[in-house]
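Remember, predicted model here, so these are calculated numbers, not experimental data. Index from 1, following the sequence.
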Amino acid sequence: MKAVVILVSAGLLISCGVAGAPVPPELVGVAPTIEKQKRQHALEAERQATESAEQDPTLGNQDIDLSPPQPVGIR
């Protein structure tokens, strides 16, 4: 019985604490998250700028005028 108590207490002592490697404080908080989002938005804006510069060659600069939407099947 004494051995079981020792094993259980040793297991509990070993399992206490944080799992994984320590995280440096420079990577935790609001400031790093904001910087990461700014970089992501800058990359997205750059990607959109390059996509908008490249036009679809299949369209051939054609403008199609569509009729205004009208309700269908209303009594």
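- Other residues, nucleotides and ligands place more than 12 heavy atoms under 6.0 Å from the CD atom of E44.
- To the nearest 0.5 Å, the span separating CD on Q48 from CG on L43 amounts to 11.5 Å.
- Rounding to the nearest 0.5 angstrom, the gap separating the NZ atom in K38 from the OG1 atom in T33 is 12.0 Å.
- Interatomic distance, CZ of R39 versus CD1 of I34, reported as 12.0 Å (0.5 Å rounding).
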